[in-house]
S.K.: 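If you scroll down you'll find the structure; I have some questions about it.
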Amino acid sequence: MIRQAMVRGLYLETRMELPLVVYVDVDDTLIRTVGAKKIPMVEVIEQVRALFANGAQLYCWSSGGGEYAESIAKELKIAHCFAGFLPKPHILLDDQASSEWRRMVHVHPAQCGEASAENYRKAIGARA
């Protein structure tokens, strides 16, 4: 995004950093389920908190639906970190496959322990 500012009668263009938008899955990402027991994935939960603290716009989604995603986030005491709770889509109508999105990086839950908002921004910039 480019923004113009007037300085001494001249318009200068400055690049504004786009918000980091992150979609977080529930099952096998925020929690693991063994029988009826839900096991929190601590590194991912800490990653959600860190991303929120660094200004990321987070959405929690699940194939179980938005209400399920919200209920798990509430149980984990991180619901306040999310801007919304969504079901995962069945169909994605887009002119590009998600694997072709220039500003999209897939992160496996096992990889988020040492990642930061800045690392994610760099990875996105490398794809752009």
Side-chain angles (χ1 to χ4, degrees):
M1 175 184 286
I2 297 175
R3 180 177 169 180
Q4 287 189 337
M6 184 180 282
V7 177
R8 296 185 186 162
L10 299 172
Y11 282 102
L12 301 177
E13 289 185 355
T14 57
R15 291 203 173 269
M16 292 180 57
E17 194 169 280
L18 294 173
L20 187 63
V21 178
V22 181
Y23 280 57
V24 181
D25 180 40
V26 173
D27 293 319
D28 294 323
T29 302
L30 284 175
I31 61 166
R32 285 235 162 93
T33 305
V34 179
K37 185 174 180 164
K38 296 174 190 160
I39 303 167
M41 307 233 351
V42 177
E43 283 189 344
V44 179
I45 294 165
E46 290 305 315
Q47 180 76 178
V48 165
R49 288 185 176 124
L51 288 168
F52 176 73
N54 282 287
Q57 189 175 8
L58 296 141
Y59 294 89
C60 189
W61 69 348
S62 174
S63 57
E67 289 178 8
Y68 171 68
E70 184 174 15
S71 72
I72 296 300
K74 284 179 178 177
E75 283 181 36
L76 299 173
K77 301 194 181 345
I78 56 173
H80 67 281
C81 296
F82 295 101
F85 301 92
L86 306 165
K88 280 189 177 177
H90 296 120
I91 298 171
L92 179 65
L93 292 174
D94 198 310
D95 64 320
Q96 294 179 320
S98 60
S99 61
E100 297 173 4
W101 294 351
R102 293 177 305 131
R103 298 182 50 84
M104 162 77 151
V105 175
H106 174 259
V107 180
H108 190 276
Q111 298 172 312
C112 70
E114 302 207 8
S116 67
E118 186 58 34
N119 290 345
Y120 291 142
R121 284 187 176 95
K122 286 178 184 175
I124 291 166
R127 285 190 50 102

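Side-chain atoms are counted along with the backbone in the values below, which use heavy atoms only and exclude waters and symmetry mates. Computed from a prediction, not measured in an experiment: that's the story for all the values here.
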S.K.: Kindly work out whether a path of hydrophobic side-chain contacts (I/L/V/M/F/W/Y, heavy atoms less than 4.5 Å apart) joins I124 to V107.
M.R.: yes

S.K.: Can you run down the ring-ring contact (aromatic ring centres under 6.0 Å, His included) pairs that involve residues 102-121, sequence neighbours left out, and say none if there aren't any?
M.R.: none

S.K.: What residues, two or more places apart in sequence or in another chain, satisfy side-chain contact (heavy atoms from CB on, under 4.5 Å) together with N54?
M.R.: A117

S.K.: Which salt bridge (charged side-chain N to carboxylate O under 4.0 Å, His left out) pairs, counting each pair once, include a residue from residues 86-100, with sequence neighbours left out?
M.R.: D25-K88

S.K.: Once you round to the nearest 0.5 Å, how far does CG of D27 lie from OG of S63?
M.R.: 6.5 Å

S.K.: Under a single-linkage rule joining Ile, Leu, Val, Met, Phe, Trp and Tyr whose side-chain heavy atoms are separated by less than 4.5 Å, which residues share a cluster with V42?
M.R.: none

S.K.: Let me check something: do I78 and L86 share a hydrophobic cluster, defined by ILVMFWY side-chain heavy atoms less than 4.5 Å apart, either directly or through other members?
M.R.: no

S.K.: What pair of heavy atoms forms the shortest contact from V48 to L58, and how long is it?
M.R.: O-CD1, 3.8 Å

S.K.: Considering only Ile, Leu, Val, Met, Phe, Trp and Tyr, and joining two whenever side-chain heavy atoms are under 4.5 Å apart, list the other residues clustered with I39.
M.R.: V34

S.K.: Any idea which heavy atoms bring V26 and S62 closest together, and the distance?
M.R.: CG2-CB, 3.8 Å

S.K.: Not counting sequence neighbours, list each pair that qualifies as a salt bridge (charged side-chain N to carboxylate O under 4.0 Å, His left out) and has a residue in residues 28-43.
M.R.: D28-R32, K38-E75

S.K.: Under the 4.5 Å side-chain heavy-atom rule for ILVMFWY, direct or indirect, which residues accompany W101?
M.R.: L92, M104

S.K.: Tell me if a side-chain donor or acceptor on Q47 pairs with a main-chain N or O of A115 at a distance below 3.5 Å.
M.R.: yes

S.K.: Search all heavy atoms of G64 against all heavy atoms of Y68 and return the closest pair with its distance.
M.R.: O-CB, 3.6 Å

S.K.: Going by side-chain contact (heavy atoms from CB on, under 4.5 Å), name the residues that satisfy it together with S116, two or more places apart in sequence or in a different chain.
M.R.: E118, N119

S.K.: What salt bridge (charged side-chain N to carboxylate O under 4.0 Å, His left out) pairs are there with at least one residue in residues 47-68, not counting sequence neighbours?
M.R.: E46-R49

S.K.: Show, in sequence, the C-alpha distance, side-chain angles and deciding distance for C60 and L30, and conclude whether the side-chain contact (heavy atoms from CB on, under 4.5 Å) test is met.
M.R.: CA-CA 10 Å; C60 189; L30 284 175; 3.9 Å; yes

S.K.: Not counting sequence neighbours, which residues clear ring pair (Phe, Tyr, Trp, His ring centres under 6.0 Å) with F85? List them please.
M.R.: F82

S.K.: Please enumerate all residues that pass side-chain contact (heavy atoms from CB on, under 4.5 Å) together with P40, with sequence neighbours excluded.
M.R.: I45, L76

S.K.: If you look only at pairs with a residue in residues 21-60, which of them pass as a ring-ring contact (aromatic ring centres under 6.0 Å, His included), with sequence neighbours excluded?
M.R.: Y23-Y59, Y23-W61, F52-H80

